[in-house]
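One structure below.
Every number for a ligand or one of its atoms is a count from 1 in the order of the listing. Excluded from the calculations below are hydrogen atoms, water molecules and symmetry mates; all remaining heavy atoms, backbone and side chain alike, are included.
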Amino acid sequence: MKMAKIFFQTTFDELLVEFKQNGFPAYAAEQVYSWIYKHFVFDMTSWTNVSKTVKAYLHENYSFDLPKTLWHGQSLDGTRKFLFGLHDGQSIETVLIPAKDRLTLCVSSQVGCAIGCRFCHTGTMGFQRNLAASEVVGQLMAVTVMFNAKVTNVVYMGQGEPLHNFENMKQATLIFMSQKGLALGQRKITLSTSGLVPQIEKLSEFPPVNVAISLHAAQNKIRSELMPINKAYDLERLLKAIKGIPLKAHRFITYEYILIDGLNDRLEDAEALIALLDKKNSKINIIPFNEYPDSAYKRPSKEKILWFQNLLNSRGLVSTIRMTKGADILAACGQLKSECEKLNVWNKN
Ligand code: SAH
Ligand code: SF4
């Protein structure tokens with residue numbers, strides 16, 4: 001028996017080719033894509049304008065299975081968090097963050113993460129596997145169907161390192177951006193990376209979305225302590241690779257900087273940051289460390305956080321602070337809550 005493909009991993013162009021090969025007209029692919037991604041109707045009996053043959057073909061070859069919601073909760077501030085179950089029993093987290101003029105979805109790219117950053121709860125779980133493109137797109141589809149809500153922005157800041165899963169994240173991005181479907185603009189999507197230099201060098205092969213770099217320290221000694229990846233690709237190599245990113249969708253690169261008490265929040269840390277980055281096209285997103293049970297680090301005081309930000313801004317480095325959202329439901333996560341909120345600052349395009 002033929003295995004049904006999950007529909008949510010097929011780009012519009014791929015569907016078009018497949019339909020042509022089967023003798024179906026191009027408009028049939030448009031109709032199907034539109035029912036799924038513009039109307040979110042998966043029940044083919046409602047597809048009044050689609051022929052019986054096309055429906056029979058889809059029925060035989062595709063499934064429309066979405067990740068299963070194992071748990072979801074809403075915070076007092078409106079942030080929603082989801083725990084999704086996958087076909088092999090693994091689970092991932094997704095966060096939906098409403099703001100005045102947008103609805104941002106923070107998606108996971110992997111089950112666990114191999115990078116092992118010392119401050120990150122996901123990093124302590126180790127790496128399980130990459131998500132398929134259908135599981136990335138499926139997070140958005142499941143949330144959209146559940147709440148009948150239109151997601152306006154997507155950020156790859158959930159669990160996992162998106163550039164470790166380059167091909168599947170590229171495929172998911174093409175699906176998010178398809179004009180025949182969800183039609184998310186390139187400025188509405190942000191990819192966050194811990195700094196995988198070889199993959200950053202390949203970003204010209206990725207759709208031109210916003211890029212955020214998890215910097216967290218401007219000195220190699222401290223960065224290597226926080227992020228083992230810095231031992232493989234240090235700040236010099238990272239900054240060189242960043243200079244090569246085609247700044248098409250965006251006029252700037254966002255740098256995420258988790259502020260940790262006594263570790264990277266001192267005068268010398270701010271000065272190193274000011275010296276390191278190009279003020280013309282850099283924005284700093286200061287994320288006060290989000291403590292979780294047994295975390296090795298502490299969040300600095302409010303005064304210290306403000307002092308650090310003022311120092312950067314007074315020296316011409318644009319920076320914003322993101323305070324924790326959804327703290328009442330996200331407490332166990334230790335990660336998604338802080339990483340998902342920055343988008344509410346930067347993705348204003
Ligand atoms: N792996 C990618 C994307 C997912 S992590 C990356 O590292 O960029 C997304 C963001 O969450 C990163 O900026 C990460 O540093 C941040 N984060 C992880 N743990 C955190 C914590 N305990 N407190 C605050 N932010 C955290
Ligand atoms: Fe992985 Fe990002 Fe967590 Fe580092 S911060 S362990 S790269 S998910």
Side-chain angles (χ1 to χ4, degrees), residues 92-95 97 104-131 136 139 154-166 169 189-197 199-200 203 209-217 222-233 238 242 253-261 263-265 283-300 305 320-327 330-346:
I92 46 165
E93 294 172 345
T94 307
V95 178
I97 306 147
T104 303
L105 193 72
C106 180
V107 296
S108 290
S109 56
Q110 298 180 312
V111 182
C113 183
I115 304 288
C117 302
R118 297 267 314 276
F119 51 79
C120 172
H121 194 244
T122 302
T124 64
M125 299 173 191
F127 174 68
Q128 304 301 322
R129 69 167 172 89
N130 280 330
L131 293 188
V136 179
Q139 294 170 62
V154 179
V155 296
Y156 305 162
M157 297 177 184
Q159 294 167 298
E161 165 52 56
L163 289 186
H164 249 165
N165 189 11
F166 195 95
M169 293 311 289
I189 299 175
T190 303
L191 179 155
S192 174
T193 177
S194 58
L196 279 179
V197 164
Q199 281 84 342
I200 291 175
L203 275 177
V209 297
N210 293 316
V211 177
I213 305 284
S214 290
L215 193 67
H216 309 321
I222 302 174
R223 195 164 190 269
S224 293
E225 184 193 321
L226 290 173
M227 309 172 75
I229 193 171
N230 197 66
K231 292 177 193 152
Y233 309 112
L238 178 60
I242 292 169
I253 298 279
T254 300
Y255 292 91
E256 298 154 71
Y257 194 97
I258 297 181
L259 210 57
I260 302 175
D261 188 36
L263 201 128
N264 63 358
D265 64 345
K283 285 186 177 184
I284 313 291
N285 193 233
I286 298 170
I287 310 165
F289 177 67
N290 171 34
E291 293 176 25
Y292 53 91
D294 301 326
S295 58
Y297 305 110
K298 290 259 163 300
R299 170 188 287 233
I305 298 167
T320 306
I321 302 171
R322 281 322 294 168
M323 293 311 291
T324 300
K325 289 207 173 206
L330 295 167
C333 172
Q335 181 194 10
L336 280 168
K337 62 176 171 185
S338 35
E339 70 210 34
C340 292
E341 48 210 27
K342 67 190 70 127
L343 14 148
N344 285 334
V345 180
W346 297 127

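Of the heavy atoms in Ile115, none comes closer than 4.0 Å to ligand 1. Of the heavy atoms in Glu161, both backbone and side-chain atoms come closer than 4.0 Å to ligand 1. For Asn290, heavy-atom contacts with ligand 1 shorter than 4.0 Å involve the backbone as well as the side chain.
Close N/O approach between Gly160 and ligand 1 is found [any backbone or side-chain N/O within under 3.5 Å]. Ligand 1 has no nitrogen or oxygen under 3.5 angstrom from a nitrogen or oxygen of Pro288. Residue Ser214 has at least one N or O atom closer than 3.5 Å to an N or O atom of ligand 1.
Contact annotation: Ser214 has no heavy atom less than 4.0 Å from any atom of ligand 2. Heavy atoms of Tyr297 come nearer than 4.0 angstrom to ligand 1 in no pair at all. Heavy-atom distances between Gly158 and ligand 1 reach below 4.0 Å in at least one pair. Assignment of Ser109 to the shell around ligand 1 is not supported, since no heavy atom sits closer than 4.0 Å. Between His216 and ligand 1 there is a heavy-atom distance shorter than 4.0 Å.
Near Ser194, with a cut-off below 4.0 Å to any heavy atom, the atoms of ligand 2 are 7 (S). Of all atoms in ligand 2, numbered sequentially from 1 with element shown, those under 4.0 Å from a heavy atom of Phe119 are 5 (S). Heavy-atom contacts of Tyr156 reach the following atoms of ligand 1: 3 (C) (cutoff under 4.0 Å). Taking every non-hydrogen atom of Gly123 and a distance limit under 4.0 Å, the qualifying atoms of ligand 2 come out as 6 (S). Of all atoms in ligand 1, numbered sequentially from 1 with element shown, those under 4.0 Å from a heavy atom of Thr193 are 6 (C), 8 (O).
With hydrogens and angles disregarded, a donor-acceptor distance shorter than 3.5 Å links the side chain of Asn165 to the backbone of Ser109. No side-chain donor-acceptor contact under 3.5 Å links Glu161 to the backbone of Ile115. Proximity of a side-chain donor or acceptor of Glu93 to a complementary backbone N or O of Gln159 within less than 3.5 Å is not detected. A donor-acceptor pair under 3.5 Å is formed between the side chain of Arg299 and the backbone N or O of Phe289.
Under the 6.0 Å cut-off for aromatic ring centres, Phe119 and His216 qualify, their centroids lying closer than that.
Annotation for Ile189 and Val209: closest pair O-CB, 3.5 Å, computed over non-hydrogen atoms.
Nearest-residue assignment for atom 4 (Fe) of ligand 2 (options Gly116, Gly160, Cys117; heavy-atom criterion): Cys117.
Remark: Ile242 CD1 to Leu203 CG distance equals 10.0 Å, nearest 0.5 Å.
With 2.8 Å as the limit, Cys120 counts as an N, O or S neighbour of atom 3 (Fe) of ligand 2.
Ring pair His121/Tyr292 is perpendicular by interplanar angle, where above 60° counts as perpendicular and below 30° as parallel.
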